[in-house]
Asks: 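One structure coming up, written as structure tokens, with questions to follow.
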Amino acid sequence: MLNDKGITLIETADTLEALEIVGKSPQRADARDKVRGSAVYLEDMKVNNMLCGKVLRSRYPHARILSIDASAAEKLPGVRGVVTGAELPFLHGESLVDEPFLARDKVRYTGEAVAAVAALDEATAEEALELITVQYQELPPLFDVMEAAKPGAPLVHEALASYQHAPGINPIHGTNICNHFKLRRGDIEEGFAQSDCVFEDTFTTPMQQHCSLEPHGSICLMNHDDKLTLWTNNDSPHRCRKEIASALKIPLTNVRIITAPNIGGNFGGKGGLKAEASAAALAWKIRNRPIKVMYTREEEFCSSIGRHPSVTRIKTGVRKDGTIVARQVETYLDSGAYAEKGPTVARFCGLSAAGPYKIPHVKVDVYCVYTNKTVAGAMRGYGGPQGAWAYESQMDVIAAKLGLDPLELRLRHAYDEGDIHITGQQIYSEGLKECIEKVAENMEWSRPRPEGRGRGIACMERAVKTPFGSAAFVKVNEDGTVDILSSTTEVGQGSETVLRQIAAEELGVRLEQVRKAAPDTAYTPFDSSTTSSRSTFHMGNAVKMAVADAKSQILKLAAPLLEANVDDLRIKDGNVHPQGQPERALPIAKVLQRHYGPSGTVLGRGYYIPEMPAESEEYYSRFMVHWLVGACGAEVEVNRKTGQIKVLKIWGAYDAGKAIHPVNCEGQIQGGIAIGLGLALSEEVMSKDGAVMNPSFLSYKVPTALDVPQIVPIIVEHPHPDGPFGAKGMGETTNVPVPPAIANAIYDAVGVRIHNLPVTPDKVLEVLKLKAQEQAGSRAPSPRRPAAPGRGK
Amino acid sequence: MDKTVRININRESYELELEPNQTLLDLLREQLGMTGTKKGCEIGACGACTVIIDGEPALSCMTLALRCRGKEVITIEGMAENGRLHPLQEMAIEHGAVQCGYCTPGWLLSAKVLLDNNPSPTLDEVRSAISGNICRCTGYQKIEESILAAAGRSLPAPAPEGESSPRV
Amino acid sequence: MKLPKFEYAAPESLGQACRLLESRGEEAHPIAGGTDLLMALKNRQKFPKMLVDLGAVPNLSRIEYSDADGLRIGAMVSLRRLAANPIVREKYPILVQAALSVGTVQLQAMGTVGGNLCQDTCCMYFNRSAMVRQSLEPCHKLGGCICHVVSSSEECWAAYTGDLAPALLALGASVSMAGPGGEQRLPLQELFSGDGKRPIALRPGQLLAEIQVPAAPPRSGAVYLKLRQRETLDYPLLGVAVHLTLERGENGHCKTAALAMTAVDKAPILLQEAGKLAGRKLTEAQIRELARAAYKRAHPMKNLYGLTTKYRLSMVEVYVEMAVRQALESAIH
Ligand SMILES: Cc1cc2nc3c(=O)[nH]c(=O)nc-3n(C[C@H](O)[C@H](O)[C@H](O)COP(=O)(O)OP(=O)(O)OC[C@H]3O[C@@H](n4cnc5c(N)ncnc54)[C@H](O)[C@@H]3O)c2cc1C
Ligand code: FES
Ligand code: FES
């Protein structure tokens with residue numbers, strides 16, 4: 001299906017043009033409730049008889065728990081129970097099962113959940129926490145990822161060897177490395193031997209936090225017969241159900257996950273078990289009472305997850321003419337105390353660590369390493385920003401040294417249709433070059449900029465989680481309206497509207513006739529996750545298939561009524577008619593009523609999973625159903641006296657295959673770029689001795705409206721042969737190329753290259769001063785002299 | 001002191017018994033069930049809990065409920081009047097300014113205060129007016145567009161070549 | 001993050017408020033806009049048993065101006081109203097700059113001039129919730145005996161980070177206090193104790209009632225510049241206010257000069273050296289000398305979030321020079 005031999009184009013250019021709903025930007029169904037304040041989020045939900053749960057958190061980064069005395073807390077009037085880790089002998093985790101619901105035996109980071117209290121109200125629960133006394137014995141902590149990765153370092157998880165993990169994950173027993181991902185192509189030594197210049201740099205990125213405006217939250221109810229219901233703002237209800245059921249060793253049907261109708265932001269942060277774990281731990285002990293756990297903003301920063309901090313050593317061999325021959329990348333991802341999504345992040349980081357470039361000799365090693373810090377996990381574009389920061393910064397280092405145009409250097413190496421990716425996969429439906437060209441064109445790449453100003457460009461690629469499936473049902477109701485049953489969650493990205501558009505287009509009804517409710521694992525079928533920019537493509541296909549299934553049933557029913565062949569029937573605006581005879585239209589409702597009487601419903605089902613090439617049997621494939629690609633350009637102004645950076649304008653072009661809802665796509669580009677801007681210039685979770693020092697919006701610098709410059713969104717469309725109407729995912733990785741684009745623009749402006757994100761004025765000024773000294777010393781007054789390769793941090 | 005307090009919320013008068021340590025946010029969300037006012041940080045830094053008190057923008061998480069005695073409070077639930085959406089709400093939908101929607105009530109009310117005082121603001125004035133409302137989803141661009149549209153203005157034309165001036 | 005329990009009173013006269021505060025001593029705190037105080041309560045940094053709301057006290061929200069007496073600002077005037085006042089906009093644009101640099105739009109609408117001046121000092125080890133603080137020993141400010149910034153220090157090094165104080169100091173403001181000893185008028189500088197633990201020199205029962213700013217002389221210019229990481233929602237990492245008055249006629253001769261800084265010490269700094277410029281022509285060399293003096297006087301500590309202390313210190317000279325040039329510019333025009 002996906003090999004170029006077997007491809008049958010589902011949509012021809014003609015049919016794409018004839019689309020009525022797909023490709024337009026109708027109003028989002030959820031927006032009306034959201035502007036009225038009537039949209040319901042988990043934070044707003046109450047269940048009868050509900051208790052409030054609060055979590056006691058560790059004050060040490062690494063310590064043995066000697067004892068916990070909760071007797072005083074339990075006696076406090078209004079308290080209904082206290083639960084500790086010892087009472088729950090279970091572990092959970094997505095690809096590596098290593099995390100207790102509440103710390104057992106030892107704590108591994110400051111802020112880890114140690115005990116939880118359920119009380120009649122929040123104030124009582126908070127008061128009860130203060131009455132719990134925990135005796136700890138401190139253990140030596142590990143804060144430095146490079147130290148932690150060394151053989152012989154103290155272990156964060158002594159039992160790593162005994163943890164269950166998914167196939168394709170490669171933990172190194174007896175170390176803190178919970179996954180080592182390797183990729184080899186060609187012969188790296190041979191590649192360096194063929195090179196005229198070898199560039200070696202080290203780049204680092206800090207922890208970034210998602211800062212979803214709605215914190216994590218869950219309400220959990222567990223009955224005496226081990227039936228568990230969880231209302232949550234988790235992004236992926238089926239993954240959540242599986243993780244809870246397998247941890248608690250109960251059947252899947254015992255666990256029901258009900259997603260809140262609206263989720264106040266996600267960006268990958270709401271994937272694992274966070275508030276879910278604490279609420280479930282309380283419900284496990286205090287049966288038959290719903291218990292709500294809502295994180296505070298500080299808990300978001302200290303006890304949920306963030307983006308993996310990273311250290312990347314990148315070594316690139318280039319011929320004099322600028323041809324890149326070899327690239328070796330070694331990345332260390334700081335996973336914090338638990339693996340969370342880290343092993344997968346390492347994989348995705350590694351798959352694209354060499355950049356979206358044709359390079360014959362490549363060697364990649366990515367290590368995901370435990371430390372005693374806040375846990376890192378999935379965050380928008382995961383693995384991407386760490387990799388792109390290194391490879392796209394170094395592209396400009398190379399261009400400067402060899403006197404090449406950074407744009408030309410990229411275009412010369414960028415993957416194109418039919419190229420072989422370093423993973424061995426043949427590339428198809430690749431819009432990368434067009435993204436780069438569109439950005440360059442829009443930003444007028446060759447226009448000279450005044451002194452102190454500069455422009456930079458960067459591009460990126462990232463994998464889409466493959467091969468994972470999505471299922472959907474549609475119900476065509478007796479009045480001709482349609483319900484979509486799908487477990488894709490609406491986290492703000494607009495998937496609800498996009499799936500409705502696909503369904504309406506495919507069936508031939510008006511958009512308003514299609515509804516999609518929030519997921520409930522009791523009713524909505526399996527979906528692997530709402531992540532990785534996979535929903536439009538995978539769930540879009542599943543919905544389209546389900547609708548096609550329902551449609552063929554309807555047409556079969558209509559054929560005798562309209563005295564026509566099924567093949568000659570069309571549906572438009574909810575009416576079935578023989579082709580070319582719209583005057584003979586019969587509403588779908590009538591078709592159903594004539595056949596079923598008053599009780600008709602047609603059910604359609606769809607299941608989509610990409611077909612894999614025969615040789616790939618891995619759980620995590622090296623074959624990707626498509627690659628997310630894009631490019632970003634930035635224009636900046638740097639003040640040489642203060643080192644302060646003003647970003648004047650940003651351009652971003654991303655390949656959507658076919659934009660189902662162009663305005664949503666623009667919103668994804670602009671929103672992602674603002675997150676990238678934050679990582680580029682100001683965002684950094686700072687910790688001291690393992691404790692987060694800036695857990696608030698006041699001290700953690702999320703960009704405000706005054707900090708985000710004009711962002712020009714550019715949608716590129718290289719249709720995917722298997723995408724619904726040609727669509728591919730595009731929203732997740734729009735942030736990825738932003739930091740290097742900005743850093744490259746800063747270099748262009750004042751000749752300063754910063755290797756460590758974020759690029760703050762203090763760092764810029766320091767290098768400016770160093771440069772001025774060097775220049776005064778060496779009397780080499782070339783302002784654009786490139787930084788010496790291999791300077792590292 | 002008399003224990004009952006009268007507060008006008010969304011043009012309706014309420015007689016309430018309040019605790020000193022209740023914030024206006026607690027009152028709205030927990031006691032009155034008006035959950036449109038959002039809670040994003042509880043320490044005055046995100047703007048999700050913005051309401052209008054006597055015509056001024058205010059953070060309900062940092063306002064003692066008792067402080068509102070005799071005042072007029074407008075929350076997101078009171079922004080539409082007589083069942084008709086405010087132009088800011090209409091334009092927010094129209095321009096795709098809403099993604100997850102968690103920040104939306106807050107910035108809509110900040111923008112309402114702006115337009116109530118300045119019916120035809122510039123882009124810079126719009127950006128300042130909503131700068132106390134963090135939005136993590138949209139990058140603010142479509143929010144700004146929608147506010148200008150509600151004020152009957154469009155985005156200023158891009159700066160002439162070579163001068164792409166900062167939007168500050 | 002619920003507020004702890006406390007009693008609440010909303011007295012209807014200044015005298016009543018002062019008496020109530022005096023009778024309850026340390027356990028009662030005045031509350032104005034509440035933006036500083038309620039954060040401290042939520043974070044369990046302060047534990048008042050009673051809050052005395054100044055919102056119902058009459059006459060504290062006036063802004064008055066006369067050429068003879070200058071500007072009088074009631075302590076309860078909100079920052080937003082101060083910045084919107086036509087006379088303030090015309091004659092004291094530095095106050096508009098400073099007021100609009102505080103927090104966010106909403107905080108400017110809620111926060112008061114009095115509350116801004118009387119705000120507590122900041123330190124990143126202290127300004128966090130009890131949950132996060134628990135991993136550290138209680139510091140001086142919390143009744144402990146350690147400073148996490150200067151570990152050997154016997155005193156608290158928390159920084160004063162108010163934005164209005166430097167602007168008002170540079171303008172030569174004074175303050176009126178009401179309280180047990182009757183009304184008292186002091187130079188604004190004396191409001192600040194320089195003790196990180198108890199930064200505001202008010203006795204129990206004493207309230208800040210009014211701020212007076214001398215009339216703005218002709219040919220004067222004043223500028224407030226704030227170093228921050230974002231364009232809003234940031235406390236200053238350094239704030240520099242400069243106020244210059246020029247002699248008539250001769251270009252560049254200085255009649256008076258004042259310079260004040262914030263965020264670089266336990267109290268706002270009014271730099272005495274600036275006075276030396278009076279009667280002299282402002283040359284490049286003198287601007288640099290002033291900047292150097294400011295640099296020597298500033299003591300930024302590693303207690304605020306954001307840019308490095310070294311950078312903040314190195315910006316003192318740069319910001320002073322920029323501020324002087326801008327003030328000069330506006331004095332001439
Ligand atoms: C997110 C956030 C950001 C902020 N950013 C800034 C900033 O950038 N710059 C800045 O300067 N401040 C900032 N602040 C602090 C605060 O908002 C402002 O300083 C505000 O002006 C304080 O005024 P208020 O009326 O709200 O003070 P309140 O909180 O009411 O009072 C502050 C203190 O002063 C005392 N007090 C108040 N009025 C009087 C009086 N008349 N007499 C005697 N004592 C009195 C109170 O007891 C209290 O101790 C910020 C606060 C928050 C929450
Ligand atoms: S919840 Fe009030 S400002 Fe964030
Ligand atoms: S729309 Fe999600 S935070 Fe603004």
Side-chain angles (χ1 to χ4, degrees), chain A residues 25 27-28 30-41 43-44 210-215 262-267 296-297 444 447-450 491-494 635 637 646-649 663-664 666-667 669-675 677 696-698 702 704-706 708-711 713, chain B residues 21 29 34-46 48 75-77 79-80 85-86 88-90 92-105 107-108 126-144 155 158 161-162 164-168:
Chain A
S25 295
Q27 290 185 357
R28 291 172 58 138
D30 53 345
R32 210 150 270 276
D33 283 343
K34 286 174 177 174
V35 300
R36 284 178 179 277
S38 54
V40 173
Y41 299 79
E43 171 90 70
D44 309 327
H210 307 71
C211 299
S212 292
L213 262 263
E214 183 194 26
N262 295 281
I263 296 177
N266 175 22
F267 317 111
T296 62
R297 183 53 56 189
E444 299 166 290
R447 166 167 55 83
R449 266 73 175 173
V491 296
Q493 82 284 43
E635 180 153 344
E637 188 170 78
K646 176 168 257 161
V647 179
L648 304 173
K649 201 165 171 177
V663 167
N664 267 4
E666 288 178 7
I669 293 176
Q670 292 170 329
I673 285 180
I675 289 181
L677 177 81
S696 83
F697 287 139
L698 193 52
V702 189
T704 70
L706 289 172
V708 180
Q710 189 184 352
I711 300 171
Chain B
N21 66 343
R29 291 184 56 87
M34 296 188 190
T35 55
T37 304
K38 294 298 177 216
K39 180 157 95 177
C41 72
E42 291 187 83
I43 59 143
C46 75
T75 72
I76 192 65
E77 286 90 347
M79 197 159 165
L85 291 185
H86 190 282
L88 281 164
Q89 293 171 306
E90 290 287 3
I93 301 172
E94 188 74 35
H95 284 257
V98 181
Q99 289 192 24
C100 83
Y102 209 75
C103 69
T104 311
W107 69 254
L108 279 171
V126 166
R127 296 177 74 213
S128 299
I130 58 157
S131 62
N133 295 91
I134 291 177
C135 173
R136 191 57 154 171
C137 297
T138 65
Y140 306 104
Q141 313 281 305
K142 295 196 185 297
I143 294 179
E144 292 159 10
L155 271 179
E161 302 310 300
S164 51
S165 68
R167 302 194 321 155
V168 178

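Below, chains carry the letters A, B, ... as their sequence lines are ordered, and counting in each starts from 1.
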Asks: Can you tell which part of A:Ser696 gets under 4.5 Å to a heavy atom of chain B, answering side chain, backbone, both or neither?
Replies: side chain

Asks: Identify the heavy atoms of A:Leu677 and A:Val647 that sit nearest to each other, and give their distance.
Replies: CD1-CG2, 3.9 Å

Asks: With respect to chain B, which residue among A:Ile673, A:Leu698, A:Thr704 yields the maximal number of heavy-atom pairs within a distance under 4.5 Å?
Replies: A:Thr704

Asks: Below 4.5 Å, heavy-atom pairs only: which of B:Ala129, B:Gly36, B:Ser131, B:Gly96 has the largest tally toward chain A?
Replies: B:Ser131

Asks: So which of B:Thr104, B:Thr138, B:Val126 has the biggest tally of heavy-atom pairs under 4.5 Å with chain A?
Replies: B:Thr138

Asks: Between A:Asp30 and chain B, which part of the residue has a heavy atom less than 4.5 Å away: side chain, backbone, both or neither?
Replies: side chain

Asks: Given that the side chain runs from C-beta out, which part of B:Tyr102 has a heavy atom under 4.5 Å from chain A: side chain, backbone, both or neither?
Replies: both

Asks: Below 4.5 Å, heavy-atom pairs only: which of A:Val35, A:Asp33, A:Ile669 has the largest tally toward chain B?
Replies: A:Val35

Asks: I'd like to check A:Asn262 versus A:Lys34 (side-chain heavy atoms, cut-off strictly below 4.5 Å). Are they in contact?
Replies: yes

Asks: Under a 4.5 Å heavy-atom cutoff, which of B:Gly101, B:Gly132, B:Cys46 has the most pairs with chain A?
Replies: B:Gly101

Asks: B:Gln89 versus B:Glu94: any side-chain heavy-atom pair under 4.5 Å?
Replies: no

Asks: If you compare all heavy atoms of B:Cys41 against all heavy atoms of A:Phe697, which two are closest, and at what distance to 0.1 Å?
Replies: CB-CD1, 4.1 Å

Asks: For chain B, find which of A:Pro713, A:Ala674, A:Gly494, A:Cys211 contributes the most heavy-atom pairs closer than 4.5 angstrom.
Replies: A:Cys211

Asks: Quick one: side-chain hydrogen bond (donor to acceptor under 3.5 Å, both in side chains) partners of B:Lys39, sequence neighbours excluded?
Replies: none

Asks: Do B:Lys38 and A:Leu213 touch side chain to side chain, with heavy atoms closer than 4.5 Å?
Replies: no

Asks: Identify which part of A:Ile675 has an atom lying under 4.5 Å from any heavy atom of chain B, answering side chain, backbone, both or neither.
Replies: both

Asks: Does a side-chain heavy-atom distance below 4.5 Å link A:Glu637 with A:Arg449?
Replies: no

Asks: Can you tell me which portion of B:His95 sits under 4.5 Å from chain A's heavy atoms? Options are side chain, backbone, both or neither.
Replies: backbone

Asks: I'd like to check B:Arg29 versus A:Asp44 (side-chain heavy atoms, cut-off strictly below 4.5 Å). Are they in contact?
Replies: yes

Asks: Less than 4.5 Å apart, any side-chain heavy atom of B:Ile93 and any of B:Leu85?
Replies: yes

Asks: Sort B:Ile134 into side chain, backbone, both or neither according to what part of it lies under 4.5 angstrom from a heavy atom of chain A.
Replies: both

Asks: For A:Val491, is it the side chain, the backbone, both, or neither that has a heavy atom closer than 4.5 Å to a heavy atom of chain B?
Replies: backbone

Asks: B:Ser128 versus chain A, heavy atoms under 4.5 Å apart: side chain, backbone, both or neither?
Replies: both

